[in-house]
Asker: 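Quick one: the structure is below, questions incoming.
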Protein chains: 2
Amino acid sequence: MDLSKTISTLNNPVRRQILFWLKDRANFPPALPEHADLEGVCVAYIQEKAGLSQSTISSYMGLLKEAGLVISERHGQFTFYRRDEDAIRAFLNAAEKELLEP
Amino acid sequence: MDLSKTISTLNNPVRRQILFWLKDRANFPPALPEHADLEGVCVAYIQEKAGLSQSTISSYMGLLKEAGLVISERHGQFTFYRRDEDAIRAFLNAAEKELLEP
DNA sequence: TCCATATATCGAGATATCTCGATTTACAGC
DNA sequence: GCTGTAAATCGAGATATCTCGATATATGGA
């Protein structure tokens, strides 16, 4: 849990929005039939929703992954990203611990 | 509670450290006798502890104040800064609400 | 009023972040 | 192998942040 790294990753409205959208698969177009049983959302869908370039979203997802906030899984040509709920909770706990008294 | 603004204020190790130090007055030199009954720490003490320039610390304290994380009170030539515990808790609650499922 | 001290503000150079388009890599299917 | 699609990486210009020293403002005391 690198608090500094996580905070700087979250210090961007688009990355926070992506993390928010990833709470619910229904925020994205339905998965292809052959991906029906896979968790996560592929980069192209996230990109379309966010309205930024493919390269930007790819690197944003890389940052979110480095910070441990998402998990990625490759299936064929597709990379699927999903939230790491445990890591997100761990970040919030660490932030509380640092910020709150005593 | 402006989450974006608060996060970017916290996206700096020195500002987070200051907020941490302010948990305990004992992290700073003892107050002058004439300030014994006042809450908070003056800029010069914070500056000395942080080891950055006076102007930098003054503007950092301004940012922390703008973000609502600290409260300032002027007494004579001195400005005393102290944590706003309620606002800090409010930030953590807002962060949880945005980040956590559902 | 004049001076000293505490803090705030200003202007600027160095560094980091944002975001893009172009290119590269990885993979699937023919 | 060749082609097409998905994603990752690269290089760069625009913008923001960091941090400083210099200056301005506020206040208290001689």
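Residue numbers start from 1 in every chain, and the chains themselves are labelled A, B, ... in the order their sequence lines are given, proteins ahead of strands.
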Asker: Could you check if a side-chain atom of Leu92(A) sits within less than 4.5 angstrom of a side-chain atom of Leu92(B), using non-hydrogen atoms only?
Answerer: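 Leu92(A) vs Leu92(B): side chains apart.
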Asker: Working to the nearest 0.5 angstrom, can you tell me the gap between Ile71(A) CD1 and Phe80(A) CZ?
Answerer: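 Separation between the atoms: 15.0 Å.
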Asker: If every non-hydrogen atom of Tyr81(B) is compared with every non-hydrogen atom of Leu22(B), which pair is closest and at what distance?
Answerer: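 Minimum heavy-atom separation between Tyr81(B) and Leu22(B): O-CD2, 3.9 Å.
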Asker: So how far is it from Leu32(A) CG to Leu38(A) CG, rounded to the nearest 0.5 Å?
Answerer: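 Between atom CG of Leu32(A) and atom CG of Leu38(A) there are 10.0 Å.
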Asker: Please list, chain by chain and in numerical order, all residues satisfying ring-ring contact (aromatic ring centres under 6.0 Å, His included) with Phe78(B), sequence neighbours excluded.
Answerer: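 Here the qualifying residues are His35(B).
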Asker: Name each donor-acceptor pair under 3.5 Å that joins a side chain in residues 51-62 of chain A to protein atoms two or more places apart or in another chain, with its distance.
Answerer:
from: Ser53(A); atom 1: OG; to: Ser55(A); atom 2: OG; distance (Å): 3.2
from: Ser53(A); atom 1: OG; to: Thr56(A); atom 2: N; distance (Å): 3.2
from: Ser53(A); atom 1: OG; to: Thr56(A); atom 2: OG1; distance (Å): 2.9
from: Ser59(A); atom 1: OG; to: Thr56(A); atom 2: O; distance (Å): 3.2
from: Tyr60(A); atom 1: OH; to: Asn12(A); atom 2: ND2; distance (Å): 3.3

Asker: Touch check for Phe80(A), heavy atoms < 4.0 angstrom, all strands: base, sugar-phosphate only, or nothing?
Answerer: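 Here Phe80(A) touches no strand at all.
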Asker: Would you list the pairs meeting side chain to side chain donor-acceptor pair (under 3.5 Å) in which at least one residue belongs to residues 92-102 of chain A, sequence neighbours left out?
Answerer: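 For residues 92-102 of chain A, and leaving out neighbouring residues, the side chain to side chain donor-acceptor pair (under 3.5 Å) pairs sorted by first residue read Glu98(A)-Arg16(B).
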Asker: For a quick check, with a 4.0 angstrom heavy-atom cut-off, what is the B/S/- contact string for nucleotides 10-18 of chain C, read 5' to 3'?
Answerer: --------S
Asker: Without decimals, in angstroms, what is the distance between His75(B) NE2 and dT7(C) P?
Answerer: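 Rounded to whole Å, this separation is 12 Å.
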Asker: Please list all pairs passing the salt bridge (Lys or Arg N to Asp or Glu O under 4.0 Å) test where one or both residues lie in residues 46-58 of chain A, with sequence neighbours left out.
Answerer: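 Applying salt bridge (Lys or Arg N to Asp or Glu O under 4.0 Å) to every pair that reaches into residues 46-58 of chain A, excluding sequence neighbours, yields nothing.
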Asker: Let me confirm one number: the CG-CG distance from Leu64(A) to Leu10(A), rounded to the nearest 0.5 Å.
Answerer: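 The CG atom of Leu10(A) is 7.5 Å from CG of Leu64(A), to the nearest 0.5 Å.
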Asker: Of all of residues 20-38 of chain B, which get a heavy atom below 4.0 angstrom from DNA chain D, listed by number?
Answerer: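 Nucleic-acid contacts, sorted: none.
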Asker: How long is the straight-line distance from CZ of Phe91(B) back to OG1 of Thr9(B), given to the nearest 0.5 Å?
Answerer: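 Atom-to-atom, Thr9(B):OG1 and Phe91(B):CZ are 9.5 Å apart.
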Asker: Listing time: all N or O pairs from protein to nucleotides 2-5 of chain C that are below 3.5 Å?
Answerer:
from: dT5(C); atom 1: O2; to: Gln77(B); atom 2: NE2; distance (Å): 2.5

Asker: Would you mind listing every side chain to side chain donor-acceptor pair (under 3.5 Å) that reaches into residues 65-76 of chain B, with sequence neighbours excluded?
Answerer: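 Residue pairs with at least one partner in residues 65-76 of chain B: Lys5(B)-Glu66(B), Lys65(B)-Ser72(B), Glu73(B)-His75(B), Glu73(B)-Arg82(B).
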Asker: Reckon Tyr81(A) has a side-chain N or O less than 4.0 Å from the OP1 or OP2 of dA6(D)?
Answerer: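 Checking dA6(D) against Tyr81(A), no side-chain N or O comes under 4.0 Å of OP1 or OP2.
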Asker: Mind checking salt bridge (Lys or Arg N to Asp or Glu O under 4.0 Å) for Asp86(B) and listing every partner two or more places apart, or none if nothing turns up?
Answerer: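 Partners of Asp86(B) under the salt bridge (Lys or Arg N to Asp or Glu O under 4.0 Å) test: Arg89(B).
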Asker: Can you tell me how far the CD atom of Gln17(B) sits from the CD1 atom of Ile46(B), to the nearest 0.5 Å?
Answerer: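 Gln17(B) atom CD to Ile46(B) atom CD1 measures 12.0 Å (nearest 0.5 Å).
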Asker: Does the side chain of Leu99(B) come within less than 4.5 Å of Leu69(A)'s, by heavy atoms?
Answerer: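 When only atoms from C-beta onward are counted, Leu99(B) and Leu69(A) do not touch, as no gap falls below 4.5 Å.
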Asker: Rounding to a whole Å, what distance do you find between Arg74(A):CZ and dA6(D):P?
Answerer: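 To the nearest whole Å, that distance equals 11 Å.
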Asker: Taking CD from Gln54(B) and C1' from dA26(D), how many angstroms apart are they, rounded to a whole number?
Answerer: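 Distance, rounded to whole Å: 13 Å.
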Asker: Using a cut-off of less than 4.0 Å, is there contact between a side-chain N or O of Ser58(B) and OP1 or OP2 of dT7(C)?
Answerer: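 Looking at the OP1 and OP2 atoms of dT7(C), neither is under 4.0 Å from any side-chain N or O of Ser58(B).
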Asker: Please report the closest heavy-atom contact between Ala94(A) and Met1(A), naming both atoms and the distance.
Answerer: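 Closest heavy-atom pair between Ala94(A) and Met1(A): CB-SD, 4.0 Å.
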Asker: Can you pull out how bent the helix from dT1(C)-dA30(D) to dC30(C)-dG1(D) is, comparing the axes over its first five and last five pairs, to 10°?
Answerer: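 Comparing the axis at each end, I get an angle of 10°.
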Asker: Can you pull out every ring pair (Phe, Tyr, Trp, His ring centres under 6.0 Å) where at least one residue sits in residues 1-31 of chain B? Sequence neighbours excluded, please.
Answerer: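 Residue pairs with at least one partner in residues 1-31 of chain B: there are none.
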Asker: Using heavy atoms and a sub-4.0 Å distance, could you list which residues of residues 39-48 of chain B are near DNA chain C? By number, please.
Answerer: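 The answer is Cys42(B), Val43(B), Ala44(B).
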